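Computed from a predicted structure; not experimentally measured. We count ligands from 1, going down the list as the structure has it; atoms in each ligand are counted the same way.
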Amino acid sequence: MKKRIPAFILAGFMALSLAACGTTPASTAPPPASQPAALSAAPSGEKVVIKFAAQGDSTPATQAVLDAFNASQDQYTAEWMDMTNDSGAMREQLITSLKAGSADYDVVSLDVVWAGEFAAAGYIDPIDTYMKDAGLSVSQFNAGSMASGKYSAKQYVLPFFPDLGILYFRKDIVSAEDAAKLESGDYTYADLQAMAEQYKGQEGTTDGFVYQSSQYEGLVCNANEFTGNWQDIKGGLEEMKAMTDSANTPADILNYTEGETANSFIKGQSVFSRNWPYQWGSVKAEGTITQEQVGIAPLPNGGSVGGWLLAMNKNSANKEGAWELMKFIATEEGQKIMSTQGGYLPGFNATLEDADVVAGNEMLGMPGFQNAMTTTIARPVSAEYSKVSDALQQAIYKYLSGSADIDTTVTAVEDALKG
Ligand code: GLC
């Protein structure tokens, strides 16, 4: 079967890039086209180190891509500067460094929700010329990811990996009838709650459903999903609170990020979990359960669009090397490794049709995953996204932890969404 290029991210990311265009930061002057000749600084025979600031990866994929890059290179060697997995905290880490004009990182990984802000602030370099010289065009990559890093008619990013929120379930526990219902996407959070209650305890599981409820960016993604893209704020948050307070979620669900979620699911502790595609790779890499035990479904009201992008530090002393690394990770070879070893959704369109990828990332062909790609929802669009996100996180977390009532919370969420 021919794999379709996911059109799911386009709408949301288009909007994100447009929001970024609305800002008028002081430093948007294009950086000089020519780069410092840092290469000649390396002693002959030694490779120039290209520093890549990227979040931790619980799959082997990122390390494997860097190993493959290094093996392919005479001139450069990539070094992974392991960053936090908390998107908001990583944004701050990067801003602190880039704002100070530091050259500590050559290539940076950026969350789709704040990449436009980095371009607008002049922290990263446009890559149009590099792309042209390499014979690459924007249309070869995931459209939504590319759009989220386009600013003032210039392209600043290549996709590292596009993301979408999906439901993982234990196929060996859930009945065939319930599995079909889940995969179709035709179910509600109340149905999920009932199933979590029904199946919890089977095959040694201790929890029904795990997802992200800690106070950080992941909470915004999950609340976006529970509320159906903020269409039903009251109903969705009440559903989330009912889930929090029930015996179907762990007692400390309010501390759960993607890490705790994946850990629970891949160790066979939970029947259902909400996470990003990488959890498929984590099951393969380090699961006590196997991929045969896992089913994939759309979330009841759609999955949040996410993803990470690659960009070049404007102050990098090794821009040619930075580009070589970006290009390697984002095109055939890199994306193939990301998808087959990490479960990631490829951001280079041709990779979706690569026979090794089709065979090596079984999830991409699963009907539940393909349905999930058609029902994605974007997070709020704002030139000051991190402020909106912080306000949402605070209001929702207060409610879930029992220190605010629903009406106050709905008002606070509505205010936050006004940006
Ligand atoms: C994933 C998504 C990213 C999102 C984050 C929230 O990394 O790719 O877009 O912001 O999760 O925790």
Self-check item: Which of the ligand 1 atoms, numbered from 1, are nearer than 4.0 Å to a heavy atom of Gly306
Solution: 8 (O), 9 (O)
Self-check item: ligand 1 atoms in contact with Tyr216 (distance to a heavy atom under 4.0 Å)
Solution: 12 (O)
Quiz item: Which residue owns the protein heavy atom closest to atom 12 (O) of ligand 1, what's the atom, and how far is it?
Solution: Glu258 OE2, 2.7 Å
Quiz item: Taking atom types as modelled, is there a side-chain donor on Gln55 or Ser109 under 3.5 Å from an acceptor on the other?
Solution: yes
Quiz item: Taking atom types as modelled, is there a side-chain donor on Thr205 or Arg170 under 3.5 Å from an acceptor on the other?
Solution: no
Quiz item: In terms of atom number and element, which parts of ligand 1 are under 4.0 angstrom from non-hydrogen atoms of Glu217?
Solution: 6 (C), 10 (O)
Quiz item: Thr374 and Asn371: side-chain donor and acceptor closer than 3.5 Å?
Solution: no
Quiz item: Which protein non-hydrogen atom lies closest to atom 4 (C) of ligand 1, naming both residue and atom, and how far is it?
Solution: Asp111 OD2, 3.4 Å
Practice problem: Determine, considering heavy atoms only, which of Phe160, Trp308, Trp276, Tyr344 sits nearest to atom 11 (O) of ligand 1. | Solution: Trp276
Quiz item: Are any of the N or O atoms of Val113 closer than 3.5 Å to those of ligand 1?
Solution: no
Quiz prompt | Tyr189-Asn301 side chain donor-acceptor pair, cut-off 3.5 Å | solution = no
Quiz item: Without hydrogens or angle criteria, can the side chains of Asp111 and Trp308 be said to hold a donor-acceptor pair below 3.5 Å?
Solution: no
Practice problem: Report yes or no: does Gln212 have a heavy atom closer than 4.0 Å to ligand 1? | Solution: no
Quiz item: Which is it for Arg379 and ligand 1 at heavy atoms under 4.0 Å: side chain, backbone, both or neither?
Solution: side chain
Practice problem: Decide whether Gln193 and Asn248 meet the rule of one side-chain donor and one side-chain acceptor closer than 3.5 Å. | Solution: yes
Practice problem: Would you mind listing which atoms of ligand 1 come within a distance below 4.0 Å of any non-hydrogen atom of Gly218? | Solution: 6 (C), 12 (O)
Exercise. Test ring pair (Phe, Tyr, Trp, His ring centres under 6.0 Å) on Tyr211 and Phe209 and set out the steps.
Key: CA-CA 7 Å; Tyr211 52 95; Phe209 182 37; 4.8 Å; yes
Practice problem: Please determine if Lys336 and Asp356 form a salt bridge, counting it only when a charged side-chain N lies under 4.0 Å from a carboxylate O. | Solution: yes
Quiz item: Which residue and non-hydrogen atom of the protein lie closest to atom 8 (O) of ligand 1, and at what distance in Å?
Solution: Asp163 OD2, 2.5 Å
